[in-house]
*Asks:* 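Pasting a structure here, questions to come.
Note that the numbering runs from 1 along the sequence shown for the chain. The model shown is predicted, which means the values in this text are computed figures rather than measured ones. Ligands are counted one by one from 1 in listed order, and the atoms in each one are counted from 1 as well.
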Amino acid sequence: MRYTSTRNKNISLRGSQCILKGISEDGGLFVPEYFPQIDISELIDLDYRSLALFILGEFFPEIEKETLKMATNQAYDRKFSSNEIIKQENIMGVNFLQLYHGPTLAFKDMALSILPYQLNISKEIENIKEEIVILTATSGDTGKAALEGFASIKDTSIIVFFPEEGVSQVQKLQMISQEGDNTLVAGIKGNFDDAQNGVKYIFNDEDFKSKLKEDSYILSSANSINIGRLIPQIVYYIYSYGKMVKNDEIDLGEKINIVVHTRNFGNILAGYYARNMCLPINKLICASNDNNVLTEFLNTGQYNIKRELKLTSSPSMDILISSNLERLLFHLRNDDK
Ligand SMILES: *Cc1c(COP(=O)(O)O)cnc(C)c1O
């Protein structure tokens, strides 16, 4: 399995290289060159950890199975309040996934519990000696989940930027009270897009990066622009489908619709990846709040970046620039299913 950039198809890298880089030098995002084709019937009996091991193994074949197994076992351990890792509940024929049983209660825990392991393993594979500095923009949940995931991980530090006025009080307190001497949190004047653009800007500043390298630091990202963050999210779509089959709610092979509330398009994109690999999905339905730039785009084909950002009671959906949409456009243009 190799990855290319959404902006330059001549690029071809291993997953471990992409995880370390976070974003491609041309400003594009890393995408798998193909989707592994899997028979869903072989997956429905796996528990969460075994399924995570299988999916990650498909996308990161350069990681030894035993190493990956240790990582999935340690990532999805008793930090999660449910031994099953996720739960689901059928209410009047609709299945609700409960992705909030992780240490920070955000669904981001599903990926950010394992990303630190993926990074350290990648470092070893690529023989990188520098200390990794994670830069992350957040409107709340990512920040806390990333801080929690990376706190006290050796040879790694994390800096989180959040819009001072754009997160909830609980999220702010969660972040600024973070423990661990390798963590730093900064409130910025501006909104989430400003924070995200600032981080992308730093990533593309080659001068700054070479100065850092002299001091033995390299940058990486814990946002869903990092492919290492996206792949672990495929797991819960497949897992929950298997559960629905086992609970006799659907027949094996029966198509389902999946509704995902969306901001950076990472969560729903992981569903799209699952669909391209094996999952019988009829429609992926993208839900928005007042900042419905994606709904508008999907309905009209026009993406209006110049709209005004509205601050709502759901800050995790307040966005104008939805990064992972670029990945979807890449895959569609390349004629994937
Ligand atoms: C992160 C987050 C979102 C947005 O998810 P994307 O993957 O960026 O689309 C929505 N709601 C909550 C509560 C979140 O934490």
*Asks:* Enumerate the residue pairs fulfilling salt bridge (charged side-chain N to carboxylate O under 4.0 Å, His left out) with a member in residues 160-182, sequence neighbours excluded, ordered by first and then second residue.
*Replies:* Glu164-Lys172

*Asks:* May I ask you to check if Arg263 and Phe192 form a cation-pi contact, with NZ or CZ under 6.0 angstrom from the six-membered ring centre and within 45° of the axis?
*Replies:* yes

*Asks:* Sort and list the pairs that fulfil side chain to side chain donor-acceptor pair (under 3.5 Å) and have at least one residue in residues 283-296, not counting sequence neighbours.
*Replies:* Ser288-Thr295, Asn289-Thr312, Asn289-Ser314, Asn289-Asp318, Asn291-Asp318, Asn292-Arg307, Glu296-Arg307

*Asks:* What residues sit with at least one heavy atom under 4.0 Å from ligand 1?
*Replies:* Phe107, Lys108, Asp141, His261, Thr262, Arg263, Asn264, Phe265, Gly266, Asn267, Ser316

*Asks:* What residues, two or more places apart in sequence or in another chain, satisfy salt bridge (charged side-chain N to carboxylate O under 4.0 Å, His left out) together with Lys21?
*Replies:* Glu25

*Asks:* Hey, any chance Leu284 and Val293 share a hydrophobic cluster, counting ILVMFWY side chains that come within less than 4.5 Å of each other, even indirectly?
*Replies:* yes

*Asks:* To the nearest 0.5 Å, what is the distance between OG (Ser82) and OH (Tyr48)?
*Replies:* 11.0 Å

